[in-house]
Amino acid sequence: MEKTHTPKKVFVDGPISPQFISDSIAKHQSKTNIGAHSLFLGQIRADQKDGGVVTGIEYTAYTEMAEKVFHDIREAAFAKFDLVCMHIYHSLGLVPTGEVSLFVFVSSAHRRASFEALEYVVEEIKAKVPIFGKELIGETGEYTWKENK
Amino acid sequence: MEKTHTPKKVFVDGPISPQFISDSIAKHQSKTNIGAHSLFLGQIRADQKDGGVVTGIEYTAYTEMAEKVFHDIREAAFAKFDLVCMHIYHSLGLVPTGEVSLFVFVSSAHRRASFEALEYVVEEIKAKVPIFGKELIGETGEYTWKENK
Amino acid sequence: MTISILYFGMLAEATGHPSETWEATDPLSVGQLREQLLQKYPVLRDRKFQLAVNQQIADSAMPINTNAEVALLPPFAGG
Amino acid sequence: MTISILYFGMLAEATGHPSETWEATDPLSVGQLREQLLQKYPVLRDRKFQLAVNQQIADSAMPINTNAEVALLPPFAGG
């Protein structure tokens, strides 16, 4: 059990690579009280828009507030669910279509806590963290602003 | 959308490595209709038992039946949830404590389908697939037979 | 008729072998076979197990045909 | 009193700058500031946004103190 959850670095520059994800997984193999890991990866879709296909999302954030909100979500998840550990990473800057911009990683002794915490954390991030996304469209410099549902 | 879901190879010899997981993730970056991946990893816990600590699980299976059941679970998940793709891997043989024996990977356009499918698939595997596990205890050759709850 | 019986996990351990050929009278239901198995292997009486016939979980009423593959499955432990 | 205003995403685009210093009469509520902002930037009238005061989402009744940091936040798009 982690007893103190110091604020952790969430934002990373550009896409989150598969190698970064496997390194995170590998680091947890020494935590032998973990029986279940649940992971969520948000990947940029090539959605069709007026004017062309989405080629990537340019992320910006109100970073100071976002880091506080990430910390609050983290604390709330540890209070609600019986977790061993949790990591959240989110991209800033350009993330091309097909690449990963959000990585949520929750680990627990038994599977139910990890399922429930995963959903909770992802929904909270989508609803509460001041991150903004410009969806780049086609080859002509067009864009629209993304809005979470 | 995958339209035909031919039976896939599920069983792997020994632990599922972090590198194997990141290779699977990387292969999905060309599927640009995917917006959400949910992953589950079952990791072997060092549970305390009479006689010592669990050092690993030795998995065996009724493989012909297990492969059919995995296929049925896969088909049912595609019918129930709006998925783009799905992969299931399970270890046979010895998986030491701290290593991964089950890897479920579901991908969809939007997050809800991937959350729901992940839970569904993991619960179905635990309940229906004829896989058997001998929990090895301490250094003296003792063991108990594992039973899913 | 002849059927083939498979034992898995702790049941292979309890019976001392992973499989055997079983000579039985026809007709035979799953429930009847279970009784015969418990008679031959009293050690199975305090073990939980399900029976699968031709790789499908079977209830007691299901008839077993000749050449069927019957598996004794202890509790599952996948994952 | 002086407050500092931050504009994010499409709102920085709409107002033409990412931040400005705002001179206001004291007392000032979040709702009153919102009205003054809409008067200065009519383009904000058809934009959805929330206000955060010192990095906390604020409702209309909340008072704003001098040196506060007020942020205009368009819809969130994380993930």
Side-chain angles (χ1 to χ4, degrees), chain A residues 15-48 53-57 84 95-112 114-116 118-120 122-123 125-126 148-149, chain B residues 15-48 53-57 84 96-112 114-116 118-123 125-126 148-149:
Chain A
I16 296 163
S17 71
Q19 192 59 49
F20 182 90
I21 296 162
S22 71
D23 289 348
S24 294
I25 294 167
K27 279 180 203 153
H28 288 76
Q29 303 203 313
S30 57
K31 298 201 174 182
T32 55
N33 53 338
I34 293 173
H37 301 290
S38 290
L39 292 74
F40 180 83
L41 309 175
Q43 181 170 300
I44 311 299
R45 282 193 313 274
D47 282 353
Q48 184 66 47
V53 158
V54 172
T55 61
I57 296 184
V84 178
V95 182
T97 291
E99 305 226 37
V100 169
S101 61
L102 170 63
F103 170 28
V104 176
F105 187 6
V106 293
S107 308
S108 53
H110 301 284
R111 65 189 182 278
R112 289 240 51 83
S114 80
F115 290 142
E116 290 170 11
L118 186 71
E119 265 198 63
Y120 172 82
V122 173
E123 294 299 338
I125 291 170
K126 298 259 179 188
N148 282 341
K149 272 174 223 123
Chain B
I16 297 163
S17 71
Q19 192 58 49
F20 182 90
I21 296 162
S22 70
D23 289 348
S24 294
I25 294 167
K27 280 181 202 153
H28 287 77
Q29 302 203 313
S30 58
K31 298 202 175 182
T32 55
N33 53 338
I34 293 173
H37 301 289
S38 291
L39 291 75
F40 180 82
L41 309 176
Q43 182 170 299
I44 311 298
R45 283 193 312 273
D47 283 354
Q48 183 67 47
V53 158
V54 173
T55 61
I57 296 183
V84 178
T97 291
E99 304 225 37
V100 169
S101 60
L102 171 63
F103 171 28
V104 177
F105 187 5
V106 293
S107 309
S108 53
H110 302 283
R111 65 189 181 278
R112 287 240 52 83
S114 80
F115 289 141
E116 290 169 11
L118 185 72
E119 265 197 63
Y120 173 81
V121 169
V122 173
E123 294 299 339
I125 291 169
K126 298 257 180 189
N148 281 342
K149 274 174 222 121

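Proteins come first, then strands; the chains are lettered A, B, ... in the order of their sequence lines, and each starts at number 1.
Considering CG of A:Leu41 and CZ of B:Arg111, their distance stands at 14.5 Å, rounded to 0.5 Å. With rounding to the nearest 0.5 angstrom, the CD1 atom of A:Ile21 is 8.0 Å from the CG atom of B:Leu39. The distance from atom CD of B:Glu99 to atom CD of A:Gln29, rounded to the nearest 0.5 Å, is 5.0 Å.
Here the closest heavy-atom approach between residue B:His37 and residue A:Gln43 is recorded as NE2-OE1, 2.6 Å. Minimum heavy-atom separation, A:Pro18 to B:Ser22: O-CB, 3.2 Å.
Of the two parts of B:Lys126, only the side chain, counted from C-beta on, holds a non-hydrogen atom closer than 4.5 Å to a non-hydrogen atom of chain A. Only the side chain of B:Ser114 comes within contact range of chain A, with heavy atoms under 4.5 Å apart. The contact between A:Ser38 and chain B is made by backbone and side chain atoms together, counting heavy-atom distances below 4.5 Å.
The candidate from A:Arg112, A:Lys149, A:Glu119, A:Gln19 with the greatest count of non-hydrogen atom pairs under 4.5 Å with chain B is A:Glu119. Options B:Leu102, B:Thr97, B:Ile34 differ in how many heavy-atom pairs under 4.5 Å they form with chain A, and the most are formed by B:Ile34. Looking only at heavy-atom pairs under 4.5 Å with chain A, the residue among B:Ser101, B:Ser30, B:Ala46, B:Gly35 that has the most is B:Gly35. Note on B:Phe105, B:Phe115, B:Phe20: by heavy-atom pairs under 4.5 Å with chain A, the leading option is B:Phe115.
Screening residues 34-46 of chain A for salt bridge (Lys or Arg N to Asp or Glu O under 4.0 Å) gives A:Arg45-A:Asp47 as the qualifying pairs, with residues at least two apart or on separate chains.
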